Enquirer: 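Dumping the structure here so I can ask a few things about it.
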Amino acid sequence: MTNRQFSSAPVTLLVSGAPAPEPCLPAARPPRPLDAGAVSAALARTAARPHRSPARPARMPEFLLAEVHRAYEPDVLRAALRTVAPDAAGDPLWQRTADGPEALDRVITELGRSLADGPRLRAVLVEDRPDGDGRTRLFVGIAPGPPGRAVELLDELREALAHPPEPVTVPTSALQRELLGQVLDRPDHGGRHVEQLSWNWHGPLDTERFTAAWQSVIDHETVLRAAFDWDETDTGESWMVLHDRAAPEVTRHPHGTADWEELLAADRRRGFDLRRPALLRATLLDAPPDAEEGPATRVLLSYHHAMLDGWSVRLLLQSFYRAYLTGGVLPGGERRPDVRDHARWLHDQETGPARQFWSTRPAATAVLPLTPDPRRRGSGRARRRLTPYEAVRLRGWAAAWGAGESSALQAAWALLLYRAAQSGRPRRPARPVRVGFAVTVSGRGIPLDGIDRLPGALRNPLPISVRVHPGTTVPQLLAALRDGVLDLASYEWVSPGQARRWTAGARGQRPNSLIVLEHQPTSPHHLRLETDLAAHGIHVESPTPSGTFTSYPITLTAHYDATGGLVLTATHDRALLADRDAVELLSQSAHLLRTFPDLPSGLGTTEVLRSALAGTRALRPGGADHGSAPAPPDAPDAGDATDTTDAGDATDDDGPTVRLDVLRRASRPGAGWVLLLPPPGAPHTPFPGAARGWPGPQALGVLRAADHDPPPAAYRPVLGPLLESGAPVALVAPPGLGVTAYEIARLGAPAEPPLVVLLGAEEDLAAVAALLGGHP
């Protein structure tokens, strides 16, 4: 180290091994990190200096500077510094970045100023930029005082560094151990169990204030200062290490320097170093300037499911906004209860009742059929959306049967699994099947005070199974699934691995699909936060999850967007499930959810599937019909081993273009179909009392078009099976859709095309019934 680097710094002594003229006293390289003898001799020479004349300009107080030639973890350094100087206020260790000798000089000067009227001891950890000498250096500063006391402080610091205190550790939960095992056993995890929340921030965003606010949240939340450690041997033991301090990672990209989709993919691939604290990071991307709406920034918040769940991160966001509004400082102390209290509660639980419960649970005999293919790599993602109107209808319909939209989502998935099981038995009568999958429980239904506001990895996927008969109605399926989830409420803390082991003989098939409904925690201060942010010219949108790549071959996640629409996201492992199969399952799930409110309550499972999913493909066990075929060269399956987004990833309603909603069943076999063509985009059939007033005997249905003015070919997947069955089909069109009905009718065989009925302005379905009364 040269004198030029410290020419303006008030340095009294540098124990670094490099001689330097005054004002740095010479010192030989010490045999140990800190040489007390050299320090003592140098201090003695300093004490013999003549005093300055009062007429000379005042200089900053001189201090003792020592460089430590050994790397230490920041937590170890902080603990050692607090041992030596327990009365030091604030953080005794600074962390700075220097990009050259002049910058290092400024850091040392800053250290000297802090010691002028402050603590006796403080240190700075300096990381040189690539254009520097490329290393991390630790400088310890000691304020002026008796030489003997300075030597004692250095000796005490050296002893504290040689014998660091044991870190505070907390046992991991069974769920965390299983999540860690799924990541650590796969070096190519590709961002497994990494979730991303993104939203738009409208208005000014101060990066320093943003970072300070997250720093304040980290200081208050133990879970954000926690990291994992584990035994590298075969024991598999793991634990959480609670650090005294952690720094937030905030990166900002100016507009035009990064592509948003590429940023998302790179962030997922990066994952997390689970041994480092703060398993949560923020990335900012400035949007293009808009003269009308002002500045805007896209915010990406990433976290790891082994430490946090979605409910937790939304709680932390509320705290972050409060800190941002108060200048980056969050009042109060650490949150309690925290991960230590939750770990203590888990340790005190008796497993006997849980073992008894799971030993009596019926196991599934049918799960999602997979199509393994080692040629497919990476993960895929697709998205479908129910409009706000459709979401409200679904929620109201489910509530009328004493269930929630989560039960409706599970019922749709159970029907698809039942359909797949039956498709493996062609030309055989339908039979009862117990289908199984996994559902998430909050993990917060435990008797621990404050658990609803505790951030951590509490959301838990647990297996569930339901017996589906050919005659089971959708309301019956809703009730069975609702009751099954309620039965899990007493054992939300049990991990999926424990539930599997405790099931007698591990019978049945292991669930290989996961259904998740994201919930937003409510806060009495939520509206006040929005108002306070608006007072600063800031509007933040509701965060949108991207969908987590879990250990299940496919995960179906549902969440409400800012407009009230229900967004369904499917993430899947391409090595186990082809993209086309995953997208087909997602589209059929969305279609069933749209159809449920229109189904007659007494319709059995077989009839529901036949009417609602007519013309769509069912997955078959083993995928013999399609799963083994190689993907075309331009298909998403041929991509690299990254978590990429397929062509179906969209936030708009891009489900089936045309779907068939059954209003009334046929009164006798072979009676045929009467299909209504409402105007495109109509929320419901424009025929009043259609279902109640239809005399039959034909089945009555509505062909709903999701897009405006779809081409006639879009009706083929729905009409094809009906026309091929030989039963008569009639298309009923309101005024203005005669040409469309004619073009659709041409899809049938020329010898027996569908009958086209055009209604007048004042006519209703009574006229259609009279017309078709004698029609074969």
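Nothing here was measured: the structure is a model prediction, and the numbers come from that model.
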Enquirer: Starting at CZ of R482, measure out to CG of D487 and round the result to the nearest 0.5 Å.
Expert: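 Spacing of CZ (R482) from CG (D487) equals 10.5 Å.
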Enquirer: Just jot down the side-chain contact (heavy atoms from CB on, under 4.5 Å) partners of A398, sequence neighbours excluded, or say none.
Expert: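 In terms of side-chain contact (heavy atoms from CB on, under 4.5 Å), with neighbours along the sequence ignored, A398 is linked to no residue.
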Enquirer: Between Y560 and R395, does a side-chain hydrogen bond (donor to acceptor under 3.5 Å, both in side chains) hold up when you go through it step by step?
Expert: CA-CA 12 Å; Y560 285 98; R395 189 162 58 247; 3.0 Å; yes
Enquirer: Output yes when a side-chain donor or acceptor of S312 lies under 3.5 Å from a complementary backbone atom of L308, and no otherwise.
Expert: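 Looks like no, no N/O pair under 3.5 Å.
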Enquirer: Under the side-chain hydrogen bond (donor to acceptor under 3.5 Å, both in side chains) rule, what do R385 and T563 come out as? Steps first, then yes or no, please.
Expert: CA-CA 11 Å; R385 179 177 180 268; T563 65; 2.8 Å; yes
Enquirer: Are a donor atom and an acceptor atom from the side chains of T606 and R419 found within less than 3.5 Å of each other?
Expert: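 No, no side-chain donor-acceptor contact under 3.5 Å.
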Enquirer: Looking at CG of L409 and CG of L556, how far apart are the two atoms once the value is rounded to the nearest 0.5 Å?
Expert: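 Reported value, rounded in 0.5 Å steps: 5.0 Å.
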Enquirer: Set out, in order, the CA-CA distance, both residues' side-chain angles and the distance that settles side-chain contact (heavy atoms from CB on, under 4.5 Å) for L700 and L676, then state yes or no.
Expert: CA-CA 8 Å; L700 183 66; L676 310 178; 4.1 Å; yes
Enquirer: Please report the shortest heavy-atom distance between P496 and N460, naming the atom on each side.
Expert: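 Nearest heavy atoms, P496 then N460: CD-OD1, 3.4 Å.
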Enquirer: If we ignore hydrogens and angles and just use 3.5 Å, is the side chain of D309 paired with the main-chain N or O of A457 as donor and acceptor?
Expert: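 It does not hold such a pair.
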Enquirer: Taking all non-hydrogen atoms of both residues into account, name the closest pair between R381 and G547 and its distance.
Expert: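 Closest approach of R381 to G547: NH2-O, 2.6 Å.
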Enquirer: So F437 and P461, do their side chains get closer than 4.5 Å, heavy atoms only?
Expert: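 Heavy-atom side-chain distance check fails, nothing below 4.5 Å.
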Enquirer: Drop me the distance from L368's CG to H572's NE2, to the nearest 0.5 angstrom.
Expert: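 If I round to the nearest 0.5 Å, the distance is 11.5 Å.
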Enquirer: Assess the residue pair E518 and T557 against the criterion (side-chain hydrogen bond (donor to acceptor under 3.5 Å, both in side chains)); give the C-alpha distance rounded to whole Å, side-chain angles, the decisive distance to 0.1 Å, and a yes or no.
Expert: CA-CA 7 Å; E518 295 277 4; T557 305; 5.6 Å; no
Enquirer: Hey, mind stepping through R434 and S465 against side-chain hydrogen bond (donor to acceptor under 3.5 Å, both in side chains) and telling me if it holds?
Expert: CA-CA 6 Å; R434 179 168 288 278; S465 65; 3.2 Å; yes
Enquirer: So do T440 and I515 actually touch side chain to side chain, heavy atoms under 4.5 Å?
Expert: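 The answer is no, as the side chains (C-beta and beyond) never meet within the 4.5 Å cut-off.
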Enquirer: Please state whether the rings of H539 and H202 are parallel, tilted or perpendicular, taking 30° and 60° as the class boundaries.
Expert: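 Plane angle under 30°, so parallel.
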Enquirer: So, for A382 and V583, which heavy atoms are closest and what is the spacing to 0.1 Å?
Expert: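 Taking A382 first and V583 second, the nearest heavy atoms are CB-CG2, 3.9 Å.
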Enquirer: For A438 and P511, which heavy atoms make the closest approach, and how far apart are they?
Expert: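 Nearest heavy atoms, A438 then P511: N-CB, 3.9 Å.
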Enquirer: Going by side-chain contact (heavy atoms from CB on, under 4.5 Å), name the residues that satisfy it together with V485, two or more places apart in sequence or in a different chain.
Expert: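 V485: side-chain contact (heavy atoms from CB on, under 4.5 Å) contacts with Q410, V439, I464.
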Enquirer: Would you compute the distance between atom OG of S542 and atom CG of N200 and round it to the nearest 0.5 angstrom?
Expert: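 These two atoms lie 11.5 Å from each other.
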Enquirer: Ignoring hydrogens, what is the shortest heavy-atom contact between V466 and A480? Give both atom names and the distance.
Expert: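 Looking at all heavy atoms of both residues, the closest pair is CG2-CB, 3.8 Å.
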Enquirer: Output yes when a side-chain donor or acceptor of E390 lies under 3.5 Å from a complementary backbone atom of T387, and no otherwise.
Expert: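 Here the side-chain-to-backbone pair exists.
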Enquirer: Is it the case that the side chain of S379 and the backbone of D573 share a donor-acceptor pair, with hydrogens and angles ignored and the cut-off at 3.5 Å?
Expert: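 Flag not set: sc S379 to bb D573 has no pair under 3.5 Å.
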Enquirer: Kindly indicate whether the side chain of L301, heavy atoms from C-beta on, has any atom under 4.5 Å from the side chain of Q196.
Expert: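 Result no, sub-4.5 Å side-chain heavy-atom pair not found.
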Enquirer: State, with a plain yes or no, whether a side-chain heavy atom of F596 is found less than 4.5 Å away from one of V474.
Expert: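 The answer is yes; the side chains approach within 4.5 Å.
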Enquirer: Is there a donor-acceptor contact under 3.5 Å from the side chain of H559 to the main chain of L517?
Expert: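 Checking the backbone N and O of L517 against the side chain of H559, no donor-acceptor pair under 3.5 Å is found.
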Enquirer: Can you tell me how far apart CG (L613) and CG (L415) are? Round to the nearest 0.5 Å.
Expert: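 Going from CG on L613 over to CG on L415, the span is 8.0 Å.
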Enquirer: What are the two closest heavy atoms between L386 and A391, and how far apart are they?
Expert: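 Answer, listing the atom of L386 first, then A391: CB-N, 4.4 Å.
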Enquirer: Just by distance, do the side chain of W311 and the backbone of D452 share a donor-acceptor pair under 3.5 Å?
Expert: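 Present.
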Enquirer: Look only at the side chain of T472 and the backbone of V468, and say whether a donor-acceptor pair between them is shorter than 3.5 Å.
Expert: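 Checked: no pair found.
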Enquirer: To the nearest 0.5 Å, what is the distance between CZ on R617 and CG on D581?
Expert: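 CG of D581 is found 5.0 Å from CZ of R617.
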Enquirer: May I ask you to test the S513-Y552 pair for a side-chain heavy-atom distance under 4.5 Å?
Expert: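 No, their side chains stay 4.5 Å or more apart.
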Enquirer: Using side-chain contact (heavy atoms from CB on, under 4.5 Å), reason through L593 and L568 one step at a time and then give a plain yes or no.
Expert: CA-CA 11 Å; L593 293 177; L568 307 180; 3.9 Å; yes
Enquirer: Can you find a heavy atom in the side chain of L417 that is under 4.5 Å from one in the side chain of V367?
Expert: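 No, too far: nothing below the 4.5 Å cut-off.
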Enquirer: Below 4.5 Å, heavy atoms only, C-beta onward: do L514 and I554 meet side chain to side chain?
Expert: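 Side chain of L514 against side chain of I554, heavy atoms only: no contact under 4.5 Å found.
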Enquirer: Are any side-chain N or O atoms of S587 and backbone N or O atoms of E584, one a donor and one an acceptor, separated by less than 3.5 Å?
Expert: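 Looks like no, no N/O pair under 3.5 Å.
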Enquirer: Distance only, no hydrogens: is a donor on one side chain within 3.5 Å (strictly under) of an acceptor on the other, for S546 and E195?
Expert: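 Yes, a side-chain donor-acceptor pair sits under 3.5 Å.
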Enquirer: Using only heavy-atom distances, determine whether the side chains of R383 and T569 contain a donor-acceptor pair under 3.5 Å.
Expert: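 Short answer, yes.
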Enquirer: Does S407 reach the main-chain N or O of A403 with its side chain, forming a donor-acceptor pair under 3.5 Å?
Expert: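 Flag not set: sc S407 to bb A403 has no pair under 3.5 Å.
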Enquirer: Check whether the side chains of R384 and Q588 place a donor and an acceptor atom closer than 3.5 Å, and report yes or no.
Expert: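 Not at all, the side chains of R384 and Q588 share no donor-acceptor pair under 3.5 Å.
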Enquirer: Do L585 and L619 pass the side-chain contact (heavy atoms from CB on, under 4.5 Å) test, and can you show the C-alpha distance, the side-chain angles, and the key distance before you say yes or no?
Expert: CA-CA 8 Å; L585 286 167; L619 267 67; 3.8 Å; yes
Enquirer: Under the side-chain contact (heavy atoms from CB on, under 4.5 Å) criterion, do L488 and R361 qualify, and how do the steps go?
Expert: CA-CA 10 Å; L488 303 178; R361 297 286 290 180; 4.0 Å; yes
Enquirer: Do side-chain atoms of E492 reach the backbone of V441 as a donor and acceptor pair under 3.5 angstrom?
Expert: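 Not a single qualifying donor-acceptor pair exists.
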Enquirer: So, do T544 and W199 sit near enough that their side-chain heavy atoms are less than 4.5 Å apart?
Expert: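 Contact flag for T544/W199 side chains = no.
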